[in-house]
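Naming: A, B, ... by sequence-line order, numbering from 1 per chain. In what follows, every heavy atom counts, from backbone to side chain, and hydrogens, waters and symmetry copies are set aside.
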Amino acid sequence: MSAPGALGHFGEFGGRFVPEALMPACLELESAFIDAWGDPEFTAQYRTVLREFAGRPTPVTPLRRLSAQLGIELFAKREDLAHTGSHKINNVIGQTLLTKRMGKQRVIAETGAGQHGVATATACAQMGLECTVFMGEIDTERQALNVFRMELLGATVVPVTSGSRTLKDAVNEAMREWVTCVEDTHYCLGSVMGPHPFPWMVREMQSIIGHEALQQMDDLGASIPDFVVACVGGGSNAAGIFSGFANTSARLVGVEAAGGSAVGKGSPGVLHGMRSLLMQDEFGQIEEAYSISAGLDYPGIGPEHAHLADIGRAEYYAIGDDDVIGALEVLSLSEGIIPALETAHAVAWILKEAGREIPLGSRVLLNLSGRGDKDVAQVREILRGQQ
Amino acid sequence: MSAPGALGHFGEFGGRFVPEALMPACLELESAFIDAWGDPEFTAQYRTVLREFAGRPTPVTPLRRLSAQLGIELFAKREDLAHTGSHKINNVIGQTLLTKRMGKQRVIAETGAGQHGVATATACAQMGLECTVFMGEIDTERQALNVFRMELLGATVVPVTSGSRTLKDAVNEAMREWVTCVEDTHYCLGSVMGPHPFPWMVREMQSIIGHEALQQMDDLGASIPDFVVACVGGGSNAAGIFSGFANTSARLVGVEAAGGSAVGKGSPGVLHGMRSLLMQDEFGQIEEAYSISAGLDYPGIGPEHAHLADIGRAEYYAIGDDDVIGALEVLSLSEGIIPALETAHAVAWILKEAGREIPLGSRVLLNLSGRGDKDVAQVREILRGQQ
Amino acid sequence: MTSLEKHLRELRASGRKALVPYFVAGLTPDWITHVEAAVHAGADAVEIGIPFSDPMMDGVVIQEAALRALDAGTNLDSIASDLTALSVSVPLIAMTYFNIFHHYGVERAAGKLATSGITGAIVPDLPLEEGREWFDACARHDVATVLLVAPSTPPERVSAICEACRGFCYATARMAVTGRSTDAGEGAHVVERIRAASDIPVYIGIGITTPAQAHDACTTSDGVIVGSLLVKAILDGASASDVEQMVHQFRQAID
Amino acid sequence: MTSLEKHLRELRASGRKALVPYFVAGLTPDWITHVEAAVHAGADAVEIGIPFSDPMMDGVVIQEAALRALDAGTNLDSIASDLTALSVSVPLIAMTYFNIFHHYGVERAAGKLATSGITGAIVPDLPLEEGREWFDACARHDVATVLLVAPSTPPERVSAICEACRGFCYATARMAVTGRSTDAGEGAHVVERIRAASDIPVYIGIGITTPAQAHDACTTSDGVIVGSLLVKAILDGASASDVEQMVHQFRQAID
Ligand SMILES: Cc1ncc(COP(=O)(O)O)c(C=O)c1O
Ligand SMILES: Cc1ncc(COP(=O)(O)O)c(C=O)c1O
């Protein structure tokens, strides 16, 4: 996957649809990123923090029992083992290091379930940056423990009371805040979305997933997989692992939540600084996403994914809530890994398609984007309700 | 730290105080362990599973901001990043592999807070073993989410209604169960306690922590620390990290919970198959431990620690509940790592003693035995109560 | 030159400062009467806010108004049909986010504005670099593309913006979203930069909530935009005559 | 040879099967009367359970009884003092976990047993390998160290155990802790192995809860130990005469 050029376009998607007040900050960020990413000292520091602090490389685990059950050869890239429990930390460490390099002292971020918020608060604590996290009021209630976690890490959590009071509105609010403090504050976006350079920058900062995995598959004697499968909210974990395999023969599969399926149900539109696929009504009003997993509860998708779907390099499928809990149970039981509900969407797709879309005997690499600890209380309630 | 010989004695501690019915199983286990641990194929498999599945090696993180605050050079060995969130997985993977090697199909375990239970259920799921976990009834209520987690992983959780209905009684009950099924069942003890060969075997299976850390400190240019500090419940994480440094000049420090301080308040006694230091009343009745952290809620300590205390090779200190929450907050805020309450005891000791027992400028290695995610709800309640 | 710009240049030439109140279309069933009242009280042009679900540049007041209007079923077509009932002599300028036009189709949207009697459009999330298609469509329909300049905009960018800007140039007084502000803002400074690049009329907006602020703004600018204050009053139940009175106060202050 | 073993060998020689009921010392204030009732009903020896907080080899019944006795303040000294009130003609055998004696001091504990009229001791968590000190102390005080053999004990170990065993050898009928069992158990098999190694009297215990089971056990063994059944009855409020009746039934079954 290549750089999107000065305007940040991926085919007909991407760009930089921001108020003029933010334009200088986006331009500054773009050049700071280009400069830093080309500076071996910076990338070495980024990799050092990821190794020493965040626990990279994460392993690739052969899922032997599930493979035998499904008749495929299944591997998992274990982002659940990264510090704070998901891939989100990779991006956040890159962006906080960049924040310091730009001489800014403060970071703001949006969060849905709280994973990106916790990751951001974590990196800020580690680097001594001030941190404010915007979170929809409904999400602060649903995810009260993550709010507390962020506070323990020294972050200020601001409940967003506008609109649907969930992730989409948290992004709006973070943008509004950013306008007032671009001078000394970096907006640490949590996925491959938003205005250029974010989709590109976040993908680059997540590409370590794919690069590690490519090498690790080789070390396992498994070489190039036939399928690389990841769940897609904004699309950062998918973009990260796809990066390693875009130039291979692997089929790249993104799995959206049916209730937040921007590729499946969306159409081109402009939101949060980007042109991409969005779920919207007939008048262009953005629809609220709904998913059992807060991390996929977003009505859009990163612009590069819209482009990959457009040109057919990646395929996107949707999984409904009903299949998700079962997939979480199967992975837990068969392999001793309780995945995040987000990740469970990708698992569900594999379970469903093994022997169908995925021919028997195929080699499949799952991006295990996060651990399910944050979700077990919710899963317990759901399973109880089913009894 | 060396092998304890055929009777499993560490100085005047250790041994094998079990009912005759269990003696053959202990002997079988001892010889199976000796055989396996001497078999390069087995140890290679053990290391492979730890690497591919559990995410080893865990990094050593320089805690730069806290170091600056304290005037010491502080490092943390990151067992919080191991799969399931603590060092417990190391031991459990070793023992479940051994279970398969012995041709047994089932594993039983005791658990307090649930960490060892979750780790055991995890390894059993991964290897396809049947798993039953004994847990004090009070703990099953306090840690309902961990019960659910074990069930998701396919384990049967048996609430123990005898005695104080906490960890100590769960051990009793697991032993009682083991008597009835030694033929096909392995008892996977969770710490360096119990009858020989457990204290030795578990230490060996945790020694990977210390061996990795020794090398990693060297890689960081930090070489031998002046202090190696770990919290002590049964003592497995401490034994694991001490293993790497016992032959160096490092001072080895174990930190107990004041309410479960077997070295500080205990005297020699026999419980759960071992002779060690125990908290007991004037008639030799075992006292209930009480600690804010369920994982340190044990009235005894592993026999090798009793011996190390006896010969002065390691020092043991106690930290009261009051200092623990503050220490958890400091580490979270300064370094972006929310530790387990157990681990926070070790942190608290360092915070308290920097510039006193720990001379300024000292190099200190903390064993960060586990992550605090399991504890945040409890910490939140406590902090709310304080307001 | 677009009709709007011609009109506004003439207005400036006449020595009169422009007062541009902002209303959220569809906020109340009688929103058209608010527009009429404002014109009656001396508004020189009116901004018609087309509600969008995710108004990134707006503060709480306009957000709430937008959601209320949307809940009432407001959309581009309903607004166009409401506007057929409006007969005022001043220009109307649409203000919304780009997705509304993008989704409607830019050519079709520009045409719709024009046939609805709207002669200008402000799209705060559509920057110069992405606007070409929209600017061209608007040009074809004589809809002036009003662009914004922020306190953070560097001089080179100000020139480029002014070149593409039609009607008037919107000087944002502060680094903030719409809503109440108490400080003086940086409007004068922004106006100065725009003047250095172009002779297009320049109006100050964002955070003008008192007649005194409006007065101050007009010492450098050619006019002011007053939004959240009026929208808040309407959210709180203000009648057309309340609106008339408020606009009147601003009129007096800047004359 | 210890006095206990001499006595039990004589008992066997007389052709009488030994009936050994088990009581938890201090379970009720009048526990001594239960012991007396059992002897009255034909017990040949009595096991005196010294309660321990963590009775690893015991099922729920004896666990509960132990905790109740502990709550009532029972300890080695209080038991010794209670026993001064007991005058029975049969041997008393202490049964407890090693920590009780370890903490008391093994020499002192063995002495205390002896002066309390106890001539044997069963310590199920003290194996051969760790018992030397205790065995020696007991030997000095003529306290017989009764050891257990389990169904899982391999033949070599049986020989070693029998060599250190005094008084009688305790054949555990099943791989289980104390408490109710319904199957026949492996007692006969264990007895056979012990007989092959030694001519010490052999009693079967663990899970003997019906007179019929006791009868069956005595077809191979020299006696039986009956514990949880009696303790359960006492927990449920059985009087001394209830106990007497229960023991009497066992007596009849094995005679
Ligand atoms: C574990 C996990 N996976 C996936 C996602 C979705 O984000 P993205 O699509 O950017 O990877 C999230 C978001 O919170 C997450 O927590
Ligand atoms: C994180 C953590 N640290 C320490 C302990 C204490 O056990 P040990 O002393 O065996 O390391 C536990 C036990 O549950 C634990 O979960």
Side-chain angles (χ1 to χ4, degrees), chain B residues 5-9 12 14-28 160-165 168-169 171-183 185 194-196 266-276 278-288 299-300, chain D residues 50-64 66-67 70 73-79 96-105 109 123-131 134 147-154 156-158 161 170-172 174-179 181 190 206:
Chain B
L7 294 180
H9 287 176
E12 40 166 311
R16 186 152 45 197
F17 294 83
V18 291
E20 195 50 40
L22 290 181
M23 191 53 89
C26 289
L27 293 166
E28 178 200 5
V160 174
T161 55
S162 61
S164 60
R165 293 178 292 142
K168 166 171 92 66
D169 308 283
V171 177
N172 290 333
E173 204 59 32
M175 292 264 187
R176 288 177 190 124
E177 169 74 11
W178 200 27
V179 172
T180 71
C181 58
V182 275
E183 275 298 308
T185 300
H196 180 61
S267 54
V270 172
L271 180 71
H272 293 155
M274 64 187 175
R275 183 172 192 277
S276 191
L278 305 174
M279 285 170 51
Q280 48 190 327
D281 71 11
E282 54 179 314
F283 301 105
Q285 306 298 345
I286 307 305
E287 288 183 341
E288 285 176 34
Chain D
I50 303 171
F52 178 53
S53 54
D54 293 81
M56 188 166 77
M57 265 295 280
D58 287 302
V60 285
V61 168
I62 294 181
Q63 288 169 42
E64 193 188 330
L67 289 189
L70 287 175
T74 307
N75 58 54
L76 200 48
D77 294 339
S78 74
I79 295 168
T96 191
Y97 292 84
F98 187 52
N99 199 51
I100 296 294
F101 297 146
H102 180 274
H103 191 78
Y104 204 84
V123 187
D125 64 342
L126 184 68
L128 208 54
E129 292 82 351
E130 298 288 350
W134 172 244
L147 300 182
L148 293 84
V149 172
S152 59
T153 312
E156 328 75 79
R157 255 192 99 74
V158 175
I161 289 169
Y170 194 134
T172 63
R174 36 183 66 76
M175 294 296 284
V177 296
T178 58
S181 297
V190 178
I206 307 290

Can a donor-acceptor pair be found, under 3.5 Å and without considering hydrogens, that links the side chain of D:Asn99 to the backbone of B:Val270? yes
Over all heavy atoms of both residues, which pair between B:Ala21 and D:Ser152 is shortest? Give the atoms and the distance, please. O-OG, 2.9 Å
Which one, B:Val18, B:Leu22, B:Leu27, leads in non-hydrogen pairs under 4.5 Å with chain D? B:Val18
Heavy-atom distances under 4.5 Å only: say whether B:Pro268 touches chain D with side chain, backbone, both or neither. both
Less than 4.5 Å to any heavy atom of chain D: does that hold for the side chain of B:Glu287, its backbone, both, or neither? neither
Pick whichever of D:Asp125, D:Val177, D:Leu126 has the most heavy-atom pairs under 4.5 Å with chain B. D:Asp125
Are any side-chain N or O atoms of B:Gln285 and backbone N or O atoms of D:Ser53, one a donor and one an acceptor, separated by less than 3.5 Å? yes
Could you check which of B:Glu173, B:Met175, B:Met23 has the highest count of heavy-atom pairs closer than 4.5 Å to chain D? B:Met23
Tightest non-hydrogen contact, residues B:Val179 and D:Ala176, listed as CG1-N, 3.4 Å
Name the region of B:Val182, side chain, backbone, both or neither, that has any atom closer than 4.5 Å to a heavy atom of chain D. side chain
Do B:Glu282 and D:Asn75 pass the side chain to side chain contact (heavy atoms under 4.5 Å, CB included) test, and can you show the C-alpha distance, the side-chain angles, and the key distance before you say yes or no? CA-CA 10 Å; B:Glu282 54 179 314; D:Asn75 58 54; over 6 Å; no
Can you tell me if D:His103 uses its side chain to pair, donor with acceptor, with the backbone of B:Asp281 under 3.5 Å? yes
Can you tell which part of D:Asp77 gets under 4.5 Å to a heavy atom of chain B, answering side chain, backbone, both or neither? side chain
From B:Arg275 atom CZ to D:His102 atom NE2, the distance as rounded to the nearest 0.5 Å: 3.5 Å
Is chain D contacted by the side chain of B:Gln280, its backbone, both, or neither, given a heavy-atom distance below 4.5 Å? side chain
Are side-chain heavy atoms of B:Ile286 and D:Phe52 found at a separation under 4.5 Å? yes
Side chain / backbone / both / neither for D:Leu70 at chain B, heavy atoms under 4.5 Å: side chain
Let me know if B:Pro19 has heavy atoms under 4.5 Å from chain D in its side chain, its backbone, both or neither. both
Report the option among D:Ala150, D:Pro154, D:Pro127 that has the most heavy-atom pairs separated by less than 4.5 Å from atoms of chain B. D:Pro127
Checking heavy atoms, do the side chain of D:Val149, its backbone, both or neither come under 4.5 Å from chain B? backbone
Heavy atoms, side chains only, cut-off 4.5 Å: are B:Glu20 and D:Met57 in contact? no
What's the shortest heavy-atom distance between D:Asp58 and B:Arg176, and which atoms? O-NE, 2.7 Å
Closest non-hydrogen atoms of D:Asp54 and B:His272, given as atom of the first, atom of the second and distance, are OD2-NE2, 4.5 Å
Measure the CD-CG distance between D:Gln63 and B:Asp169 for me, rounded to the nearest 0.5 Å. 8.0 Å
Is D:Glu129 close to B:His9 at the side-chain level, that is, under 4.5 Å between some pair of heavy atoms? no
Is it the side chain or the backbone of B:Ser164 that comes within 4.5 Å of chain D heavy atoms, both, or neither? neither
Region of D:Pro55 that comes under 4.5 Å of a non-hydrogen atom in chain B: both
Side chain, backbone, both or neither: which part of D:Arg174 has a non-hydrogen atom closer than 4.5 Å to chain B? neither
Quick one: what part of D:Thr172 sits under 4.5 Å from any heavy atom of chain B, side chain, backbone, both or neither? neither
